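Fair warning: this is a prediction, and the values are worked out from it, not measured in the lab.
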Amino acid sequence: MSRTSTLVDRATHAVHVGIFAVVAWLRADDVTDDRGSDSSEKAFMVILAIALGGAVTAGAVAFVTGKIALFQ
């Protein structure tokens with residue numbers, strides 16, 4: 001697999017994630033007030049946010065490393 005196709009695959013995945021995020025945002029028009037959720041649900045959301053942040057960071061590091069490798 002060439003380096004170009006890998007970058008194209010990453011770009012395609014990024015576009016898909018962006019489209020899915022917009023669709024999810026558009027579907028959330030009638031959100032009810034959820035201030036009464038229990039602490040386990042809140043803890044799950046915090047863990048999910050940390051995991052998502054870690055995944056985005058790992059992807060960014062891989063992307064930058066790939067770009068640096070192209071110029072060496």
Q: What is the ring orientation for His13 with His16, classed by angle as parallel under 30°, tilted 30 to 60°, or perpendicular over 60°?
A: perpendicular
Q: Can you list, by chain and residue number, the hydrophobic cluster partners of Met45 when the side-chain cut-off is 4.5 Å?
A: Phe44, Leu48
Q: Give the other cluster members for Val61, using side-chain heavy-atom distances under 4.5 Å between Ile, Leu, Val, Met, Phe, Trp and Tyr residues; answer none if it is isolated.
A: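 Noted: Val61 shares its cluster with no other residue.
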Q: Output all residues satisfying side-chain contact (heavy atoms from CB on, under 4.5 Å) with Val46, sequence neighbours left out; order by chain, then residue number.
A: Ile50
